[in-house]
Amino acid sequence: MAAEQGVAALQAILQTEAPHLLEKREKKERREGLPELKNAVKGKVVLRFAPNPNGPLSFGHARGIVINGNYAKEWDGELILRFDDTDTVVKPPLPSAYDQIPEEAEWLLGFKPHRVVIASEQIPHYYEHAIKMLEEKFGYICQCSGEDFKEYRVTKTECPCRSNSRELNLELWGKMNDGTFVPGDAVVRVKTSMDLKNPALRDWPALRIQNTAQHPHPRPSIGSKYRVWPLLDFQSAVEDHMQGVTHIIRGKDLMDSTRKQTLLYEHFGWTYPETMYWGRVKVHEWGGFSTSQMRRDIEAGLFSGWDDPRLPTLRALRKTGITADALRDFWVELGVTQKDISVPLSTLYSHNTKSIDDDAPRLSFIRDPVNLTLKGEHPNKVSVEVHPNHPSRGMRHFDVTNNSIWVEKQDLDKSEIRLKGFANIAIENQKGNPITAKIGSVERNDRRPIIHWLPDSGKTKATLMLAEDGEIKHFEGLIEAHSYPHGTMVQIERIGYARVLDDSTLIFTHS
RNA sequence: GCUCGUAUAGUGUAGUGGCCCAUCAUGAAGGACUCUCAUUCCUUCGACCCGGGUUCAAAUCCCGGUACGAGCACCA
C-alpha cells in the first residue's frame, strides 16, 4: 500500500483510524527514584508511617520513613507519624520513644512529619466503631477459647457466638469493659466468611481484653484506663480511615492485614487506600533486627544503650557517622520491590562516602605510635592540605623543629618510606631506642610508599572507637591537634572516615 | 498442611510483547589523576530460575515445576 499510494496516504489513514500508532515511541529511559504512585493527586496524598514505640527507630524503620516521606514530598502531600501503641503486654511501649521517634524521623527526613497520631489516645474512636460493628451485626463477641476457634477456622465451621443477637453482643461488650471478663474470656470478631480461601481472614479478631491493672499502659494519661484494646488490623484500619490516608506502603508481611482490613472497609462502606509492599531486608553483617530483642539485650547490659555502635538503630548509625542523606539514598535505591533481599553494608557505606567525603577535613591519626628521631637537614615547617580537592580550605601546619615525629609501627616494615608532604626517610635502626631516621630528599623523587605521620609538637592522645565483629574495640593513638567541634565528620588519612565524639575520642565510621 | 507473594550479573535495581546480543548503581580486576590504601575519572568482567504454551515476535502474557519468603497470634 505504501508503495502504491505513498507513505503519506498511509499516514493519513492511520491518523484517523489509530492515531496512537503514529506517536513517536520514545527511547525507554531508566526510571529515576521511586516507582509511580497509583491514583495520586498532587496535594491530596496522605501517607503514614506507623511504628510501635517500643524502642527508638531501627535501620529497618528507616525504610518506612524514607519511602513514605519521599512520596509525601514528591506529591506535595502529608506524612502522618502514628504510634501504634495498643499492646501493653507483649510489646509494651517505651515512654522515651514518644519523644525520640519524632526527633529521629525529622533528622532522617529533613522535615517534621505533618501530623502525629497516638493510637492509645484514640481508644474512644475505636470503641465507637466497635459498637457500630456490633449494632449492625457485622461484628460479634466470641467467647470461644483460642484453641476452639482455631478448630472452627481450619474446619470452616461457624462459631456458635456468631449468631449472638445484637442485644447479647452489646451486653457482652459491657462485660468486656466493666471487668466481668478477663483476658481470654471474650474477643470482638469481624464477620467475614468461614469458607474464605485464606484461613487467616476467617472471622478475624478486632479487639481483645488486656490486663491493664497488671500491665498498665506506660503513658500516665492512659495507664489502666481501658481494659478493651483494639488489635492492629482493626486499629490501623479505623485510624487510616479517620485520618484520610490515601496510600499505604508497608512490608509484605502485612498483605493479609490488607485483606482483613478491606473486608472491614466493605462492612463500613469505605474505600481502602492504594497499597504497595516491600519485601524483607537483611543486612549481611547484621542478620535481622528486632526492637524487642534489642531492648532485652540493653536491659541485660549486653549493650551500653540504644546508641551502642554495634546496634542497627538510627541513633547508633547517626553516632557512628552515617548521614541522613546516605540512608535516604540507600532506601530509595532499593525501591519498593516485594523481593526479599540481603544487602551488604558496603552499599550503605558507598552512599555515605559520597555524602561526606567532600566536606570531611583530613586528619592524621597514628595507631600504635612509634617515635622517630630525624637526622639530617630538613625544613622546620611543613604544610599539608586540609582537603586535597579544596585548596581554599587552607593548610595544616606541622612544626618539626625538635626532630621528633610519630609514625605507625606497621609502617616501619619498610625502611625506605616517604612522610606525606614532608620528606623521604631511611630508617637507620629498627630496634634502636630511639629509632632514628635519616632524612633523604625533601622533593619527592621516587615511588616509595607514602605514609602519614605526626610531629611530636602537634599531637594529642586520642582513642579511636570501632565496632567490629560484635565487639567494641578501642585503639589508643595520637591524633593531629585540631579544633573541629564534636560531631564533625573527618577523614583519617589512609584509614577511613570517622566522627569526632569528644576532645579525645573518634568513632570509626567506615573505610 | 492451608493461603498469599516473589524469582534479571557477586549484591541491589530498570524493564509491563518488538527500542533488550537487557539499564543504572554497587562490587571485583586493571588503568589515569593524586605527596592518603581517600575522592574523581576511564576500561573490563558479569544476569533474564527450569520446562512447556500463546504469538510473526516473550525478560515481559498463560500453565506447570523448583527455590525462597510471609501470613494462618486475644503481637505490631
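Given the structure is predicted, the values throughout are model-derived calculations rather than measurements. Below, read A as the first sequence line, B as the second, and so on, with proteins coming before strands; counting in each chain starts at 1.
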Have [X] and [Y] got a donor and an acceptor in their side chains that come within less than 3.5 Å?
X         : Y         : answer
Gln210(A) : Tyr226(A) : no
Thr275(A) : Thr258(A) : no
Gln235(A) : Asp84(A)  : yes

Scan [X] against the nucleic acid and name what it touches under 4.0 Å (heavy atoms): base, sugar-phosphate only, or nothing.
X         : value
Ser364(A) : nothing
Leu196(A) : nothing
Ser236(A) : nothing
Leu232(A) : base
Gly279(A) : nothing

Please report the distance separating the [atom1] of [N] from the corresponding atom of [M], rounded so that it comes out in whole Å.
N      : M      : atom1 : result
A58(B) : G17(B) : P     : 14 Å
C37(B) : G30(B) : P     : 15 Å
G46(B) : A22(B) : C1'   : 13 Å
A38(B) : U6(B)  : C1'   : 39 Å
C21(B) : C48(B) : P     : 13 Å
U60(B) : U16(B) : P     : 13 Å
C74(B) : G69(B) : P     : 25 Å
A25(B) : U13(B) : C1'   : 8 Å

- Query: Would you call Glu480(A) and Arg396(A) a salt bridge, taking side-chain N to carboxylate O under 4.0 Å as the test?
  - Reply: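 Salt bridge: yes.
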
- Query: For Arg153(A) and Asn52(A), take the nucleotide of RNA chain B holding the closest heavy atom to each; which residue's nucleotide lies nearer the 5' end?
  - Reply: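 Nearer the 5' end of the strand: Arg153(A).
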
- Task: Treat primed atoms plus P, OP1 and OP2 as sugar-phosphate and everything else as base, then score nucleotides 1-6 of chain B 5' to 3': B for base contact with protein heavy atoms under 4.0 Å, S for sugar-phosphate contact only, - for none.
- Result: -BSSSS

- Message: Treating primed atoms plus P, OP1 and OP2 as sugar-phosphate and everything else as base, which nucleotides of nucleotides 27-39 of chain B get B, S or - for protein heavy atoms under 4.0 Å?
- Response: --------BBBBB

Salt bridge (charged side-chain N to carboxylate O under 4.0 Å, His left out): which pairs involve [range], sequence neighbours left out?
range                       : result
residues 322-345 of chain A : Lys252(A)-Asp340(A), Asp325(A)-Arg328(A)
residues 86-96 of chain A   : Asp87(A)-Arg208(A)
residues 179-199 of chain A : none

- Message: Is it true that, when you exclude Lys150(A) itself, more than 12 heavy atoms of the residues, nucleotides or ligands shown sit nearer than 6.0 Å to its NZ?
- Response: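 Not more than 12 within 6.0 Å, no.
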
Without decimals, in angstroms, what is the distance between [X] [atom1] and [N] [atom2]?
X         : N      : atom1 : atom2 : value
Asp203(A) : C74(B) : CG    : C1'   : 15 Å
Lys260(A) : A76(B) : NZ    : P     : 10 Å
Tyr152(A) : C74(B) : OH    : C1'   : 16 Å

- Can you tell me which stems RNA chain B forms, taking runs of 3 or more consecutive Watson-Crick or G-U pairs with both distances under 3.5 Å?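 As far as RNA chain B goes, consecutive pairing (with distances under 3.5 Å) yields the stems B:1-7 with B:66-72, B:10-12 with B:24-26, B:27-32 with B:40-45, B:49-53 with B:61-65.
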
- 4.5 Å side-chain heavy-atom contact, Leu263(A) and Leu196(A):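 They are in side-chain contact.
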
- Task: Would you mind reporting whether Ile298(A) and Leu311(A) have side-chain heavy atoms less than 4.5 Å apart?
- Result: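 A side-chain contact exists here, since the closest heavy-atom pair is under 4.5 Å.
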
Give a yes/no on whether any side-chain N or O of [X] is located under 4.0 angstrom from OP1 or OP2 of [N].
X         : N      : value
Arg208(A) : A76(B) : yes
Thr86(A)  : A76(B) : yes
Arg31(A)  : U23(B) : no

- Query: Taking only residues two or more places apart in sequence, or in another chain, which ones meet Asp85(A) in a salt bridge (charged side-chain N to carboxylate O under 4.0 Å, His left out)?
  - Reply: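 Checked Asp85(A) against salt bridge (charged side-chain N to carboxylate O under 4.0 Å, His left out); zero matches.
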
Pairing residues for [X] by the ring-ring contact (aromatic ring centres under 6.0 Å, His included) criterion, not counting sequence neighbours:
X         : value
Phe138(A) : His267(A), Phe268(A)
Phe422(A) : His378(A), Trp453(A)
His510(A) : Tyr349(A), Tyr497(A)
Tyr265(A) : Trp270(A), Tyr272(A)

Mind listing the N/O atom pairs, protein and nucleotides 44-50 of chain B, below 3.5 Å?
none

